[in-house]
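Inspection log for the structure reproduced underneath, given as structure tokens.
All residue numbers in this chain count up from 1 along the given sequence. Values below: all heavy atoms of this structure, side chains included; hydrogens, waters and symmetry mates excluded.
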Amino acid sequence: MRKLIILFFLSFSITANCQNYIDKVIITKNLYTARYNKSDSLYKSENKTITSKKAIFKIIEELKNIDSKNYLLSKYKIDTTFIKNNLEEILKLYSNKLEFDWNYKQKEFIFSELGNINNYKKELDEYLNNGCCYTMHNFYKNEYVINFYKNSNLTNQLKSRKYVWGYKFPWSDNNGNLYFDYEIDKIIEKAFNEKSKITAPKTGDDLLKYLVNKIINNNAQNLYKLSPYTYENEINKLKKEFNIISFEEIYGYGRYIGLEKSKVIKITLHNEKMLPNINLQFLASVDKSIYPKDSLLSDYERVINRIQNIKFIKNYITQNSDSKIDVYFFNNKPINKYNIESINTNPTEWKKQDEYVESLKWYEKNNIKPTFDIKEAIKTSERNNCGCNYRFEKSFIEKGMFFEFFDENDNSTIWILLPDNNALLYIMDNQKALDLNLNEFEESYGIKFPCKLFNSDGIEIKK
């Protein structure tokens with residue numbers, strides 16, 4: 001490293017009279033635009049010439065120290081020895097934005113990540129390299145080239161990275177040396193009269209806190225999977241009745257978590273009372289402790305038996321061993337409020353839909369052609385206001401049973417078994433649902449809401 005520095009000093013003649021060696025600096029600002037082949041092309045350039053000895057010397061003074069990516073942590077005042085020997089203190093730097101319990105399994109896992117110095121190097125590199133790439137809304141990149149001249153002869157050159165936003169550094173010279181120097185960035189901004197909001201890079205404790213939070217947040221999914229160990233004793237009590245296949249914390253809102261804003265633990269269970277390719281998914285919310293298992297134990301057999309005895313579904317899963325069914329239990333019920341609202345909505349929304357449909361008759365009465373497709377408008381409004389538009393009584397749909405079917409190709413469908421033993425096909429993620437005749441969906445892609453009712457023999461019940 002010392003040798004490289006000496007060579008670099010010689011190339012630029014950084015001595016007391018270096019101002020007399022370099023007599024001109026030309027800074028070129030290049031603007032690149034993205035191309036469809038993932039490359040880019042030069043759009044325009046702008047030059048600034050500097051002849052002031054004072055300004056030239058200021059630039060050269062910043063080039064005294066060559067940087068190495070291997071030693072950037074040290075450059076930005078991160079003490080790796082302290083990190084390795086004080087992992088409990090390092091963990092305290094986390095904001096706990098994602099509200100982890102930090103049970104013994106989570107700590108065991110995250111300490112291995114926080115003790116790995118390569119993780120800090122990676123996150124620091126990403127922090128300094130932020131704004132590197134084109135995005136959907138950013139089609140231009142900047143690049144700065146600093147050319148050093150003596151008697152009109154080019155003696156050396158510095159190039160910034162190409163970037164969309166963020167820092168101009170690292171700068172690289174003709175020898176491939178790197179300079180992570182924010183001061184050069186500021187000199188260039190002044191030369192081009194740019195007003196940047198980019199501040200100096202974080203260092204020391206501020207940077208360490210930032211890196212720790214990035215490392216932990218990047219491992220959120222693994223930490224969520226270990227969250228149930230906080231409730232290990234309660235979960236293990238289920239072993240008297242089930243084989244516990246897996247457990248993890250799930251997050252977000254939707255068909256699985258519902259409208260309850262709380263931590264939810266998903267426990268996958270199986271026993272000999274279930275067909276081989278049927279599992280029970282117990283989604284238990286947490287409020288200081290995990291939701292009691294009493295309702296699950298008293299009612300799961302009835303739910304499992306009803307679902308695994310739907311004739312057309314049972315025939316399929318027994319003939320296709322690679323298919324499977326997940327039967328859900330949301331705390332104490334086999335269906336949650338979110339799915340009830342999505343499928344059925346409520347009488348207030350039904351009334352809104354009826355009034356909207358009635359209002360559209362105005363066009364026909366006045367012999368006016370609308371500027372939109374009325375049938376499509378009604379269809380969209382119906383989906384928003386009425387869900388599947390069966391308008392079930394609340395007491396009826398609340399007795400439904402939610403289950404998810406996966407065929408041998410992992411195509412997923414969401415079903416609700418209703419109290420009258422008819423099965424409602426609610427969601428499809430592909431064109432196929434078992435071996436049912438659903439030709440109208442063959443040309444459509446993405447998530448679909450068929451909202452079709454089938455009897456136990458798999459025969460569709462028309463509305």
Side-chain angles (χ1 to χ4, degrees), residues 248 250-260 264 266-269 274-275 277-283 300 303-304 306-317 320 322-331 333-345 382-384 386-392 396-442 444-456 458-461 463:
E248 63 181 305
I250 58 176
Y251 42 93
Y253 299 105
R255 69 184 77 145
Y256 304 111
I257 296 183
L259 301 174
E260 301 84 4
V264 175
K266 176 183 175 182
I267 310 168
T268 304
L269 305 167
M274 306 175 199
L275 293 173
N277 39 358
I278 291 183
N279 288 327
L280 180 62
Q281 303 291 355
F282 180 33
L283 271 57
Y300 87 90
V303 175
I304 290 291
R306 283 196 59 205
I307 290 174
Q308 69 183 11
N309 282 302
I310 303 171
K311 193 183 300 182
F312 73 97
I313 290 179
K314 184 176 182 179
N315 288 341
Y316 192 97
I317 62 172
N320 297 273
D322 290 332
S323 62
K324 66 175 184 177
I325 291 177
D326 284 336
V327 177
Y328 280 79
F329 226 88
F330 305 91
N331 283 338
K333 295 178 180 179
I335 192 169
N336 63 21
K337 291 179 182 177
Y338 181 93
N339 288 300
I340 291 172
E341 278 295 311
S342 299
I343 292 165
N344 206 49
T345 70
E382 181 181 281
R383 176 82 193 95
N384 293 332
C386 304
C388 287
N389 200 34
Y390 283 97
R391 306 193 183 192
F392 299 121
F396 180 83
I397 189 65
E398 283 179 343
K399 294 176 184 176
M401 299 174 180
F402 178 103
F403 65 97
E404 186 166 11
F405 175 86
F406 299 89
D407 69 16
E408 60 277 12
N409 296 313
D410 214 33
N411 294 311
S412 168
T413 47
I414 302 291
W415 297 79
I416 307 296
L417 179 60
L418 299 170
D420 58 8
N421 285 325
N422 292 324
L424 174 66
L425 173 57
Y426 177 43
I427 296 176
M428 294 169 58
D429 73 355
N430 216 309
Q431 288 84 16
K432 182 183 175 186
L434 290 84
D435 49 8
L436 299 173
N437 183 10
L438 298 169
N439 295 331
E440 66 264 43
F441 298 107
E442 287 182 355
S444 60
Y445 296 91
I447 293 179
K448 292 164 281 291
F449 297 86
C451 290
K452 289 181 175 292
L453 269 179
F454 296 88
N455 66 19
S456 187
I459 298 171
E460 184 179 349
I461 302 170
K463 284 186 179 180

Among all residues two or more places apart in sequence or in another chain, which pass the side chain to side chain contact (heavy atoms under 4.5 Å, CB included) test with [X]?
{"X": "Ile340", "result": "Ile335, Ile397, Glu398"}
{"X": "Arg383", "result": "Tyr426, Phe449"}
{"X": "Lys333", "result": "none"}
{"X": "Ile461", "result": "Asn422, Leu453, Asn455"}

From [atom1] ([X]) to [atom2] ([Y]), nearest 0.5 Å:
{"X": "Ile307", "Y": "Ile278", "atom1": "CD1", "atom2": "CD1", "value": "8.0 Å"}
{"X": "Phe329", "Y": "Tyr300", "atom1": "CZ", "atom2": "OH", "value": "11.0 Å"}
{"X": "Asp407", "Y": "Asn320", "atom1": "CG", "atom2": "CG", "value": "8.0 Å"}
{"X": "Lys337", "Y": "Asn339", "atom1": "NZ", "atom2": "CG", "value": "13.0 Å"}
{"X": "Ile414", "Y": "Phe405", "atom1": "CD1", "atom2": "CZ", "value": "12.0 Å"}
{"X": "Ile325", "Y": "Leu275", "atom1": "CD1", "atom2": "CG", "value": "8.0 Å"}

Once side chain to side chain donor-acceptor pair (under 3.5 Å) is applied, do any residues pair with [X], and if so which ones, sequence neighbours excluded?
{"X": "Tyr316", "result": "Glu408"}
{"X": "Gln281", "result": "Thr268, Asp326"}
{"X": "Ser412", "result": "Glu404"}
{"X": "Lys314", "result": "Asn309"}

If you compare all heavy atoms of [X] against all heavy atoms of [Y], which two are closest, and at what distance to 0.1 Å?
{"X": "Val327", "Y": "Phe403", "value": "CA-CB, 4.1 Å"}
{"X": "Gly458", "Y": "Leu436", "value": "O-CD2, 3.7 Å"}
{"X": "Ile427", "Y": "Ile447", "value": "CG2-CG2, 3.8 Å"}
{"X": "Met401", "Y": "Arg306", "value": "CE-NH1, 3.2 Å"}
{"X": "Pro334", "Y": "Gly400", "value": "CG-O, 3.7 Å"}

> With sequence neighbours left out, what residues match Cys451 under disulfide (SG to SG under 2.5 Å)?
Replying inline: Cys388
> Under 30°, 30 to 60°, or over 60°: which ring-plane class applies to Phe330 and Tyr328, parallel, tilted or perpendicular?
Replying inline: parallel
>> Working note: Leu418 + Ile416, criterion side chain to side chain contact (heavy atoms under 4.5 Å, CB included); need CA distance, chi angles, decisive distance, verdict.
In response: CA-CA 6 Å; Leu418 299 170; Ile416 307 296; 4.0 Å; yes
> Counting distance only, does the side-chain N/O of Glu382 pair as donor-acceptor with the main-chain N or O of Asn389 below 3.5 Å?
Replying inline: no
>> Please check this pair: side chain of Lys452 against backbone of Leu424, looking for a donor-acceptor N/O pair closer than 3.5 Å.
In response: no
> Residues in salt bridge (charged side-chain N to carboxylate O under 4.0 Å, His left out) with Lys311, at least two apart?
Replying inline: Asp457
> With sequence neighbours excluded, what pairs up with Arg391 under the salt bridge (charged side-chain N to carboxylate O under 4.0 Å, His left out) test?
Replying inline: Asp354
>> Apply side chain to side chain contact (heavy atoms under 4.5 Å, CB included) to residues Trp415 and Leu434 and explain how you reach the verdict.
In response: CA-CA 12 Å; Trp415 297 79; Leu434 290 84; 3.6 Å; yes
>> Suppose we screen for ring-ring contact (aromatic ring centres under 6.0 Å, His included). Which residues come up paired with Phe282, at least two apart in sequence or across chains?
In response: none
